[in-house]
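Accompanying notes for the structure given below.
All heavy atoms count here, side chains included; hydrogens, waters and symmetry mates do not. Convention: sequence-line order gives letters A, B, ...; per-chain numbering from 1.
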There are 2 protein chains.
Amino acid sequence: MLTERQLMILKAIIRLFTESGQPVGSKKLMAELPVHVSSATIRNDMADLESVGLIEKTHSSSGRVPSMQGYRYYLDHLMQPATLNPVDVATVQQSFGQHYHKIDEIVSQSANILSNLTSYTAITLGPGVAEVRLTGFRLVPLGNHQVMAIIVTSAGTVDNQVFTIPQAISGDELEKAIRLINDQLVGLPLTVVSQKLKTDVPVLLAHYMASPTGFLDIFDDVLKKASQERLYVGGQMNLLNFSEFDDVTQLKSLYNMINQSDDLAKLLNLSPEGANSKVQVRLGAEMANDLLKHYSLMTVNYDVGEHGQGVIALLGPTSMPYSRMIGLLDLFREELAKKLIDYYANLDDD
Amino acid sequence: MLTERQLMILKAIIRLFTESGQPVGSKKLMAELPVHVSSATIRNDMADLESVGLIEKTHSSSGRVPSMQGYRYYLDHLMQPATLNPVDVATVQQSFGQHYHKIDEIVSQSANILSNLTSYTAITLGPGVAEVRLTGFRLVPLGNHQVMAIIVTSAGTVDNQVFTIPQAISGDELEKAIRLINDQLVGLPLTVVSQKLKTDVPVLLAHYMASPTGFLDIFDDVLKKASQERLYVGGQMNLLNFSEFDDVTQLKSLYNMINQSDDLAKLLNLSPEGANSKVQVRLGAEMANDLLKHYSLMTVNYDVGEHGQGVIALLGPTSMPYSRMIGLLDLFREELAKKLIDYYANLDDD
DNA sequence: TTTAGCACTTGATTATAACGAGTGCTAATT
DNA sequence: AATTAGCACTCGTTATAATCAAGTGCTAAA
């Protein structure tokens, strides 16, 4: 079992490592800890913390660095409820003070403000999108190599798009494909649909048609029209601030992923607890995606009442100052919702 | 005056430096030159080339590197007409072989293909946009803090957008502002209008209204709607391939510029010679913009007959293999035009 | 004009030593 | 039993010097 002091040490290590980026040694800790104990004692405690896997050495005689499990433990049990920085509050409120013409302006601006404030990469999803579900899908052959795809969402929106397709597809094939899609996808949130479209559906569809690719492209396209347009990324280039420079290829892949709304939607997967869930932190190793191994993703839902809810997310290094970040995200959750509710209210005035 | 051999040496230096990225010395040149002369002779010739400013040393005992003027001279007088690489031709034609649903898909794909093929950053402007001019501008107060901005273009398109504005602006002020804008901007290409909106107009407008900013935003917004949407960038992240890593700030600024359509439009400034102009190369120092100092921008127009023309551009380091790049751009100019003409033809079939 | 030869310059590479921050362990202290 | 001082040891980092390699300019001969 861990002692009070050992936990205090873990906390200090995490704080100091986040501030300096350097491994933390026993001397430095001695100077920083509120209680006075000798460096030898701290070393003993650190040995214990290491033996349970909460901290690590970078080499045999180096200071300690928090491990993945160390961060997880910190996030789950140790972290103080955020202490809001008044400068940040002022900045955010001032940034939101402007007048906006469109909803999307507000949402995308949020991503920009947040990324500026943090020097990380921010992602925002417009309200309503997170839990909008697919309620219907139609594919209407118009003859002359043209097909109209129509999708209906639970938000009541209807999007359509006309496509020209290379080979005529038989009405029979279309019929089956449509039924399959309706069976498999209707009722699911658009984000999930978009995701399944890449994984399950192609396999199933392969039974009915030779090359389902063209078909899927069409579907994907109109789906994008209904959802993707409301996904915003701010500060992509901040990746450069918190990434290792040595592997340009990996950096490029990450960048591509971030700008590919399908992949991104997959990440933002609405948090299960609904509207008033707390800020979620997912550490790299917990996310399956190899590209994110050394990063950390924080997400939080915001709630605009009848207009649905959206997501605010922050992508940064594993060693973020979580306390401040959580405070910021909570602040944003509130301010963005307020601003949007305001906006909707003004609309109704007309 | 420069001798035949000296020019041959300049050419070889440019080629070798582009291939290796290293300063070129007299021994290396001796091995590469078609005629046999001693390294001492080459050294003498290089001294001459340096004295007229076509090449430079990086330090007192280093090999030579082409200077800005060296590149300019090479481009204007020395470069061979491009020799088309059959592999490139095949790749391009295959990439264009797919079926596309929308014009913009074709245009944006072009940017992607071109950037992949070159490892540089490619920019494409959809057809018609380059020489579309502003033919009319109206601003209609609708009461209730709302204003409709309408812009009419020489292509016959009418775009409109409704805005809510903070303080009511007096009709008188509006009147004057509209007149000013009509006087100053009507008749100019949209790209130029967008540019002037950042420079000249704010100054002029300041005479009539206290804070022209909000006003300009509106105008800018609807202008974007009419033009920006057709500007595509491919391979932004390729910047990482050909940029110095040491200055992250500068890299970010460049990235922002590339993704800000106003700035970008300014760069692509339709080439004066119209439809069938040759590929233009502008070297960093020639572009005024400090961020581009170490880069080079190649542009070429493509022509889609009655549907207007567009621009293809390539941003890379100063030391690009220009011969191949010019060949590629010429190829793209042709293939993209062909594909678009095809597309328009199919549309008319319906 | 061209070329061989040579002294000289300079950045890059390598080797070596010295340094510094840190650890674990032992023995003494509280 | 917990804490601490002391010390030998590890290992990455920094500093210094030595060597190397690629290149130049210049002089004198061909």
Side-chain angles (χ1 to χ4, degrees), chain A residues 1-10 12-67 70 244-246, chain B residues 1-10 12-67 70 244-246:
Chain A
M1 211 43 241
L2 295 172
T3 69
E4 207 50 43
R5 192 181 59 211
Q6 285 169 340
L7 296 179
M8 188 189 292
I9 289 175
L10 174 56
I13 290 176
I14 287 177
R15 179 171 62 82
L16 293 171
F17 179 65
T18 299
E19 284 171 8
S20 72
Q22 299 301 317
V24 184
S26 52
K27 290 253 182 64
K28 192 132 282 166
L29 277 170
M30 189 170 55
E32 292 283 341
L33 284 185
V35 300
H36 181 75
V37 279
S38 76
S39 64
T41 307
I42 294 176
R43 279 202 291 283
N44 289 333
D45 280 345
M46 288 202 289
D48 287 353
L49 285 169
E50 186 172 14
S51 76
V52 295
L54 294 177
I55 57 179
E56 305 171 333
K57 288 190 271 201
T58 61
H59 65 267
S60 78
S61 73
S62 78
R64 300 311 209 293
V65 156
S67 71
E244 300 300 330
F245 264 120
D246 42 12
Chain B
M1 211 43 242
L2 295 172
T3 69
E4 206 50 43
R5 192 180 59 211
Q6 285 169 338
L7 295 180
M8 189 188 290
I9 288 175
L10 174 58
I13 289 177
I14 287 177
R15 180 171 62 82
L16 293 171
F17 179 65
T18 299
E19 284 170 9
S20 71
Q22 298 301 316
V24 184
S26 52
K27 290 255 183 63
K28 193 134 280 165
L29 277 170
M30 188 169 58
E32 290 284 340
L33 285 184
V35 299
H36 180 74
V37 279
S38 75
S39 65
T41 307
I42 293 175
R43 278 201 291 284
N44 289 333
D45 280 344
M46 288 202 291
D48 288 352
L49 284 169
E50 187 173 13
S51 75
V52 294
L54 294 177
I55 58 179
E56 306 169 333
K57 287 189 272 199
T58 61
H59 65 267
S60 77
S61 74
S62 78
R64 299 314 209 293
V65 155
S67 70
E244 301 300 329
F245 264 121
D246 42 12

Can you name the atoms? Protein N/O to nucleotides 9-13 of chain D N/O, anything below 3.5 Å, with the distance.
residue: D:dT10; atom: O3'; partner: A:Ser60; partner atom: OG; Å: 3.1
residue: D:dT10; atom: O2; partner: A:Ser61; partner atom: OG; Å: 2.4
residue: D:dC11; atom: OP1; partner: A:Ser60; partner atom: OG; Å: 3.3
residue: D:dC11; atom: O4'; partner: A:Ser61; partner atom: OG; Å: 3.4

Might you list the N or O atoms of the protein lying below 3.5 Å from N or O atoms in nucleotides 26-30 of chain C, with each pair's distance?
none

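As rounded to whole Å, 11 Å separates atom C1' of C:dT3 from atom CZ of B:Arg5. In this structure, the CE atom of A:Met46 is 14 Å from the P atom of D:dT4, given to the nearest Å.
Without hydrogens or angle criteria, A:Ser62 side chain to A:Thr58 main chain gives a donor-acceptor distance under 3.5 Å.
Under the side chain to side chain contact (heavy atoms under 4.5 Å, CB included) criterion, A:His36 pairs with A:Met30, sequence neighbours left out. Scanning for side chain to side chain contact (heavy atoms under 4.5 Å, CB included) contacts around A:Ser67 gives A:Glu56, A:Gln69, with sequence neighbours left out. By the side chain to side chain contact (heavy atoms under 4.5 Å, CB included) test, A:Ser60 pairs with no residue at all, sequence neighbours left out.
Between B:Glu32 and B:Lys28 no salt bridge is recorded (no basic side-chain N to carboxylate O distance below 4.0 Å).
In this structure, OG1 in B:Thr41 is found 11.0 Å from CE in B:Met46, a value given to the nearest 0.5 Å.
Side-chain N/O atoms of A:Lys57 include one lying less than 4.0 angstrom from OP1 or OP2 on C:dG24.
For DNA chain C, the residues of residues 16-41 of chain B within the heavy-atom distance limit of 4.0 Å (strictly under) are B:Val37, B:Ser38, B:Ala40, B:Thr41, sorted by number.
The base of D:dG6 lies close enough to the side chain of A:Arg43 for a donor and an acceptor atom to sit less than 3.5 Å apart.
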